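Chain letters run A, B, ... following the sequence lines, proteins first, then strands; residues in each count from 1. Since the model is a prediction, treat every value here as computed from it, not as a measurement.
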Amino acid sequence: MLSVREITKVFGGFKAVDRVSFDVAEGEILGLIGPNGSGKSTTFNLIAGALAPSGGSIEFLGRDIAGSPASHVARFGIGRTYQIPRPFRKLSLLDNVALAAYYGQSEQPSREKAYAQAQDALGLVSLPSSEHARVDGLGAAGLKKLELARALATQPKLLLADESLGGLDESEMGAAADMLAMIRDRRGVTIIWVEHIMGVLMRVVDRCVVLDHGEVIATGKPHAVANDPKVIEVYLGTDAEEVQKGIAQRQGDAT
Amino acid sequence: MRALPWILLAALALAPLMGMGNYPLHMLIQVLLWGFVYTGWSVMGRLGLVSFGHGAFLGIGAYVVVMLWNSYGISPWIGLPIALVLAAVVALLIGYPCFRFKIVGHYFALVTLALSEIARLLIVALRDHTGGSLGVTPKTDLTESSYSLVAMQFSNKLVWFYIVLAVWLAGLWVWKKVDQSMARLALEAISQEEDAAGSIGINVTRLKLGITLISALMTCVGGALYAQYQAYVNPDSVAGIGISLQMVFGVIAGGMYVRLGPTVGAAFTLLLAESLRLMFGNSLHALDSTIYGLMLILFIIFMPKGILGGALEAIRRKKPMPVSAQNA
Ligand SMILES: Nc1ncnc2c1ncn2[C@@H]1O[C@H](COP(=O)(O)OP(=O)(O)O)[C@@H](O)[C@H]1O
Ligand SMILES: [Mg+2]
């Protein structure tokens, strides 16, 4: 459903993303991994329209969306979360998410429907959906969930989840990974999941694209990617054990 | 409790009929007129779009209407729509690039500050048509009658009072409509996290332009009415930094987050100006701005929610209200 071809982003002479190409099939969870600074978030920003690419094309459901404004891309059906959560702090959780439902769909729903969809999205990520629940009380895990709920309320066909695990402890990480899998399974949302922590991610993704210094260095099934010498070199010793553990936890997938 | 606002409104509407003196009536008209203008400013100001450029819209409303009447005999009833179109064009011309290129906060304030000063300089520069800094008076149409509908001139202050009362109420109605809309929530979201607002499909530029238009048009109407009521305008009273700063000050003083806050602010600024005038006479004109500036800083530091906002908060703290009533 998404086809990224040779996209490049140059920040004043520095190539943050360098001729990156990959495809995403409907219904899959694609892991976009790579060390810090490898260009993952920038790739997301290019797809989501937050940044205009310096070159290349991005095709989504047959439309070229490269360079379209973020608000259009959102209404085309791509939802995104931010690595560092950006909630509307002075609004209630429900209003945060209802705005996304109201403005983020290709056809604007009624206000009542938007609020119903917001409650549904909040429920999906198990956040309180009462109108009094505020952003202030949320911890790191709660803010990540709010990001997810807000993106989901736009009823996306494709969800870009950026580092949903950052700042979480181990049990929260597992829960977050399971949540993404659940969202895909229950809602049929295709997901690109960016993460630099490979272990937990390996458990749920169908395929991986590995970035290093803005370039794709490997693409394939989790176990193939994890055993790729180029990937091992990049991730040298960081969490090899975790990766193997994650792969071992996969269900119904021959490793 | 529900009837209270209506009773107060009725009292306000009937007050001038109870033999109110000319001067208090004049003050009341001014409070409502400026209350309307300040309400217009706050419609966008309280959503994070702090404009110092509203002097330009006031000036357009005042001068376009008067000039068209004086030079071409075009009735203010036609002049006002023309002024509104012009104000809309100016609002879009200044707003579009600002919003498209994310000029926000202090930078937005600076750009708009320039706008109001340009408007003032333009009025002064076109002195052959505008009377320059001496100001201009709409040609009177009251030689034979005490009123002229065509010229929007009424010698009876009572007529003005009811016109201005109606316009002020319309302003409060606009505020309420905006307040209840999803667009208000979206604009609040934009003022907090502009990029994130875009990422959930909110068309940031369009919403900002929309609220700017509403605000600019209201202000333009206020300018036109002010010129007609006073039967005199000069560049300083309806354009430039001074009046724009006074608007921002009044709104902050009154409280821009409650519906009647801007009106309270208008009453406060007018009383302040009158007392300063009584104390120092007209000789110390420049002192106004200095005192406004100082008080603005004091309010921002000590009473950020303004007089009415602060008072309501104090009452609420003493007597906890049911949550549903807080949004009323
Ligand atoms: N707006 C920007 N301007 C300049 N450089 C940037 C900008 N955004 C990201 N970069 C740089 O691009 C590189 C990739 O960043 P990013 O995509 O955030 O990496 P990742 O998400 O993989 O950690 C980094 O070196 C970063 O410093
Ligand atoms: Mg990143």
Side-chain angles (χ1 to χ4, degrees), chain A residues 44-45 47-51 68-82 84-92 94-112 114-115 118 121 130-132 135 146-147 149-156 160 162, chain B residues 45-50 96-105 176-211 255-258 304-305 309 313 316 320-328:
Chain A
F44 263 20
N45 284 330
I47 299 173
L51 292 173
S68 296
S71 61
H72 290 202
V73 175
R75 289 195 295 267
F76 285 159
I78 299 184
R80 65 93 47 98
T81 71
Y82 287 95
I84 298 161
R86 296 190 183 180
F88 310 126
R89 290 200 168 270
K90 294 180 197 156
L91 303 184
S92 69
L94 187 60
D95 284 342
N96 263 270
V97 181
L99 276 173
Y102 191 72
Y103 286 100
Q105 303 183 51
S106 54
E107 261 175 59
Q108 194 165 60
S110 72
R111 207 169 158 145
E112 292 69 33
Y115 273 88
S130 96
E131 47 190 284
H132 309 304
V135 175
L146 178 57
E147 284 288 322
R150 206 168 57 180
L152 287 173
T154 66
Q155 315 298 322
L160 311 177
D162 197 352
Chain B
R46 78 194 181 104
L47 294 170
L49 292 168
V50 173
Y96 185 77
C98 277
F99 302 151
R100 183 73 183 69
F101 299 107
K102 292 188 188 162
I103 294 173
V104 295
K176 189 170 171 190
K177 283 289 153 197
V178 169
D179 208 44
Q180 292 169 340
S181 68
M182 280 304 269
R184 190 210 94 219
L185 270 186
L187 282 157
E188 274 186 33
I190 290 169
S191 78
Q192 293 164 34
E193 281 290 348
E194 184 158 329
D195 289 341
S199 84
I200 56 167
I202 294 175
N203 189 329
V204 173
T205 305
R206 191 197 300 173
L207 278 179
K208 282 187 175 180
L209 277 180
I211 200 73
M256 65 173 115
Y257 301 105
V258 277
K305 290 191 172 163
E313 198 177 61
R316 205 173 288 155
M321 283 218 262
V323 190
S324 61
Q326 289 188 4
N327 298 324

Carboxylate-amine/guanidinium proximity below 4.0 Å for B:Glu194 and B:Lys102: no
Exercise: identify the closest heavy-atom pair between A:Ala50 and A:Arg80: CB-NH1, 4.0 Å
Would you give me the side-chain donor-acceptor pairs under 3.5 Å for residues 97-105 of chain A, sequence neighbours excluded?
residue, atom, partner, partner atom, Å
A:Tyr103, OH, B:Ala183, N, 3.4
A:Gln105, NE2, A:Ala101, O, 2.8
A:Gln105, NE2, A:Gln117, OE1, 2.6

Region of A:Pro87 that comes under 4.5 Å of a non-hydrogen atom in chain B: backbone
Partner chain B: residue of A:Ile78, A:Val73, A:Asp95 with the largest heavy-atom pair count (under 4.5 Å): A:Asp95
Residue A:Arg111 versus chain B: region with a heavy atom under 4.5 Å: side chain
cation_pi(A:Arg150, A:Tyr82) dist<6.0 Å, angle<=45: no
Contact winner vs chain A - B:Ala189, B:Ser191, B:Ala197, heavy-atom pairs under 4.5 Å: B:Ala189
